[in-house]
Amino acid sequence: MPIRVNLDLILVKRGVKLSTLAEAIGVTLPNLSILKTNKARAVRFSTLEAICRELDCQPGDLLEYLPNENNHN
Amino acid sequence: MSTQINPKLPRFVKSLLDIIYGLLIFSCAALLLLMVFSPLILKGTDSVLTASVLVGIGSDESHRFDVQVTDAKTKGIRYAFVDEAQGTLRLETDNWLYIFISYFSKLLIVIGLTYIFYLLRVVLKDIIQGDPFAAENAPRIRRIGYVVLLLAFLRPTIEYIAANEITRNIRIDPALSPPSPFKAESILISLLFLTLAQVWSYGIELKRDQALTI
């Protein structure tokens, strides 16, 4: 997948647990884990907004485009 | 988005499927037992069993049966015949080979139908439980299509062989011949199921997309 989700890095930087974030934004832990491990196929803007609000970050901090992976695929 | 589905309709359809499935299982068992025990049954004096086979009337492949018009109100009718005349020939016989051919051809068809109804029941069970797009349902529907396609060719072929074997050894007036070996409707039904399987696969993919949308 050419879009990488760097949620794990942001969580470490902010010192927040995944379960805490899941409870705060109203997403189940298994679903947030799917996002963290880059298995999600799509993200709603509402979810992105909630994560950015809780972790005080920008969408660009969370999402990274990897053009080399895209070419490889 | 929630979908309002009347729960009574799928349950009613499932009940019907359950009844038909039960009858097919019973038929399979009965045919198998009759085939196995028919030699013992026929051993008894004056014992006969009924062999039945689909036949066409008339000696040629068009199965044309000429009829005589005796009191036509319309004078313009010069000639009349029944085209594609077919029926079931029933023989009360003590010949075990005829019995075997008759029951074996039916058994193969009943086994195919039993498997189709088994798959339909499983798919409907998933629908009733609220998960119609379970990953296994598209292959199941595809399998139904393949079995229908197989029966579309297998059933007429078996009936043809059975009728040929029986009719070539007996003389009946009017002449009988094996039935038409091809049934186009079954091909159409098979294609419908195979198309439905493709649509179902797409639905499963959409459901997976939705499940993996956070």
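Lettering follows sequence order; numbering is per chain, from 1.
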With rounding to the nearest 0.5 angstrom, report the CD1 to OG distance, B:I214 to A:S33.
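The distance works out to 9.5 Å.
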
Neighbour count above 12 (heavy atom, 6.0 Å) for B:F26 CZ:
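No, not enclosed.
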
Got more than 12 heavy atoms from elsewhere within 6.0 Å of CD, A:E23?
no

Just wondering, do B:Q210 and A:R41 contact through their side chains at under 4.5 Å, heavy atoms?
no

Is any side-chain heavy atom of B:T213 closer than 4.5 Å to one of A:R44?
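Yes - at least one pair of side-chain heavy atoms lies under 4.5 Å apart.
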
Non-hydrogen atoms of chain B under 4.5 Å away: do they reach the side chain of A:V43, the backbone, both or neither?
both

Quick check on the interface: out of A:L35, A:L32, A:N31, who has the most heavy-atom pairs with chain B under 4.5 Å?
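Sorted descending by pairs with chain B, the first entry is A:N31.
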
